[in-house]
Amino acid sequence: MKKPYFLSSNFSPDQLALCLNKCLKGKALRQGKQIHGVLLGTGMNMNLLSLNSKLVGMYASCGEMRYAKNVFDKIPKPNVFALNWLVFASAFNGSYKEAIDYFSLMQELGITGNKFSFSIVLKACVGLMELNKGREVHSMVYKMGFEND
C-alpha cells in the first residue's frame with residue numbers, strides 16, 4: 001500500500017495546522033487521523049499553533065467525540081477553541097448537560113468564553129429547559145458586551 005504523500009514528506013507545523021483546518025472544515029476524518037499519526041510519530045509539540053485544539057476540533061466536527069475528548073484530556077492548558085468544540089459537538093449531538101459541563105469547566109479554568117461559546121451554551125440550556133442556567137449565561141453575555149451576537 002502506497003504511503004500518503006504528506007506522510008513521506010517533512011511538513012512544517014504551519015502546513016500541518018493548515019491541513020488539520022482543511023480536515024476540520026471538510027469533515028475528513030481519515031486524513032485527519034493520518035495527520036494526527038504524523039504528529040504523534042514525529043513527537044511534534046502539540047501546543048504549537050494550537051495543533052492539539054485543532055485536533056479536538058477535527059475529531060469533534062467529524063462526530064468522533066471519544067477521540068476529541070481523548071485529545072482534549074491530554075492538553076495541559078486548554079484554550080477557548082478546544083473547549084468551544086466540545087461544547088458545540090456535545091450540544092449538536094444532544095448531550096446538552098455535557099455541553100453545559102464543558103462550559104462550566106471553561107469558567108473553572110478561568111477561560112473567558114467568546115460569542116461562539118455563549119450562543120452554543122444558551123442552546124444547550126434551551127435543550128435542557130434550564131431557565132436559571134440560561135439566565136446566568138445571559139447575564140455573562142450582557143456583561144461581556146455580546147448581547148448583539
Side-chain angles (χ1 to χ4, degrees), residues 4 6 11-42 44-149:
F6 66 84
F11 278 89
S12 71
D14 289 334
Q15 292 167 318
L16 290 170
L18 180 63
C19 288
L20 272 177
N21 277 339
K22 290 185 183 254
C23 290
L24 186 155
K25 290 177 182 173
K27 298 182 193 263
L29 179 62
R30 186 174 61 83
Q31 293 85 351
K33 281 184 172 182
Q34 289 174 333
I35 294 169
H36 190 185
V38 168
L39 292 169
L40 293 173
T42 61
M44 190 173 293
N45 181 352
M46 302 288 263
N47 293 319
L48 288 174
L49 304 170
S50 295
L51 289 168
N52 45 21
S53 295
K54 288 175 177 53
L55 278 170
V56 170
M58 185 277 300
Y59 283 122
S61 73
C62 293
E64 292 290 339
M65 288 301 290
R66 186 171 52 105
Y67 289 109
K69 290 175 190 177
N70 191 323
V71 172
F72 177 81
D73 289 341
K74 294 177 181 154
I75 300 175
K77 291 185 178 180
N79 62 23
V80 69
F81 304 108
L83 281 157
N84 274 353
W85 271 109
L86 292 176
V87 172
F88 172 77
S90 297
F92 182 80
N93 290 317
S95 300
Y96 303 121
K97 182 179 178 339
E98 188 173 88
I100 290 172
D101 289 345
Y102 279 117
F103 181 75
S104 296
L105 176 61
M106 190 182 297
Q107 293 174 297
E108 288 171 26
L109 294 173
I111 298 172
T112 305
N114 58 26
K115 64 182 180 180
F116 302 107
S117 313
F118 294 114
S119 63
I120 298 163
V121 82
L122 281 171
K123 288 178 185 176
C125 290
V126 169
L128 285 175
M129 302 299 288
E130 278 282 347
L131 186 59
N132 289 335
K133 186 68 171 179
R135 286 182 178 145
E136 187 181 313
V137 173
H138 184 255
S139 175
M140 287 185 235
V141 167
Y142 190 76
K143 286 177 187 172
M144 295 185 73
F146 292 134
E147 64 272 2
N148 291 331
D149 293 320

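Small disclaimer: the values here were computed from a predicted structure and weren't measured.
In this structure, Asp73 does not pair ionically with Lys69, as no charged nitrogen and carboxylate oxygen lie closer than 4.0 Å.
Under the 4.5 Å side-chain criterion, counting only non-hydrogen atoms from C-beta, Met44 is in contact with Pro13. For the pair Lys74/Asn52, no side-chain contact is recorded, criterion being any heavy-atom separation below 4.5 Å from C-beta on. Between Lys33 and Tyr67, some side-chain heavy-atom pair lies under the 4.5 Å cut-off. Two residues are said to be in side-chain contact when any heavy atoms from C-beta on lie closer than 4.5 Å; Val126 and Tyr96 fail this criterion.
The nearest pair of heavy atoms linking Leu122 to His138 is CD2-N, 4.3 Å. Minimum heavy-atom separation, Lys27 to Ser61: NZ-O, 3.3 Å. Here the closest heavy-atom approach between residue Leu20 and residue Gly32 is recorded as CD2-O, 4.4 Å. Across Ala91 and Ala99, no two heavy atoms sit closer than the pair N-CB, 3.8 Å.
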side-chain contact (heavy atoms from CB on, under 4.5 Å), that's the test. Do Met58 and Lys54 meet it? Break it down for me. CA-CA 6 Å; Met58 185 277 300; Lys54 288 175 177 53; over 6 Å; no
Given side-chain contact (heavy atoms from CB on, under 4.5 Å), test Asn79 with Ile111 step by step and report yes or no. CA-CA 7 Å; Asn79 62 23; Ile111 298 172; 5.7 Å; no
What verdict does the side-chain contact (heavy atoms from CB on, under 4.5 Å) test give for Lys115 and Val141, after you've listed the backbone C-alpha separation in whole Å, the side-chain angles of each residue and the deciding distance to 0.1 Å? CA-CA 8 Å; Lys115 64 182 180 180; Val141 167; over 6 Å; no
Please report the C-alpha distance between Cys19 and Lys22 in whole Å, then the side-chain angles of each, then the deciding distance to 0.1 Å, and finally whether the side-chain contact (heavy atoms from CB on, under 4.5 Å) criterion is met. CA-CA 5 Å; Cys19 288; Lys22 290 185 183 254; 5.7 Å; no
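In summary, of the residues considered (Leu39, Ile75, Asn70), a side chain to side chain contact (heavy atoms under 4.5 Å, CB included) with Leu55 occurs for Leu39 alone.
Summarising the local packing, CZ of Phe92 is surrounded by 12 or fewer heavy atoms from other residues, nucleotides or ligands at distances under 6.0 Å. Summarising the local packing, NZ of Lys123 is surrounded by 12 or fewer heavy atoms from other residues, nucleotides or ligands at distances under 6.0 Å.
Here the OG1-CE distance, from Thr112 to Met144, works out to 5.0 Å after rounding to the nearest 0.5 Å. Going from atom CG of Leu86 over to atom CG of Leu105 covers 9.0 Å, rounded to the nearest 0.5 Å. For the atom pair CD1 (Ile35) and CG (Leu40), the distance works out to 12.0 Å, reported to the nearest 0.5 Å. With rounding to the nearest 0.5 angstrom, the OH atom of Tyr102 is 14.0 Å from the CD1 atom of Ile120. Taking CG of Leu109 as the reference point, atom OG of Ser104 lies at 11.0 Å (rounded to 0.5 Å).
Side chains of Asn114 and Ser117: a donor-acceptor N/O pair is present below 3.5 angstrom, by distance only. In this structure, a donor-acceptor pair under 3.5 Å is absent between the side chains of Asn21 and Lys25.
Using a 30° and 60° split on the angle between ring planes, Phe88 and Trp85 fall in the perpendicular class, above 60°.
Two rings, from His36 and Tyr59, have their centers less than 6.0 Å apart. Ring pair Phe103/Phe118: centre-to-centre distance below 6.0 Å.
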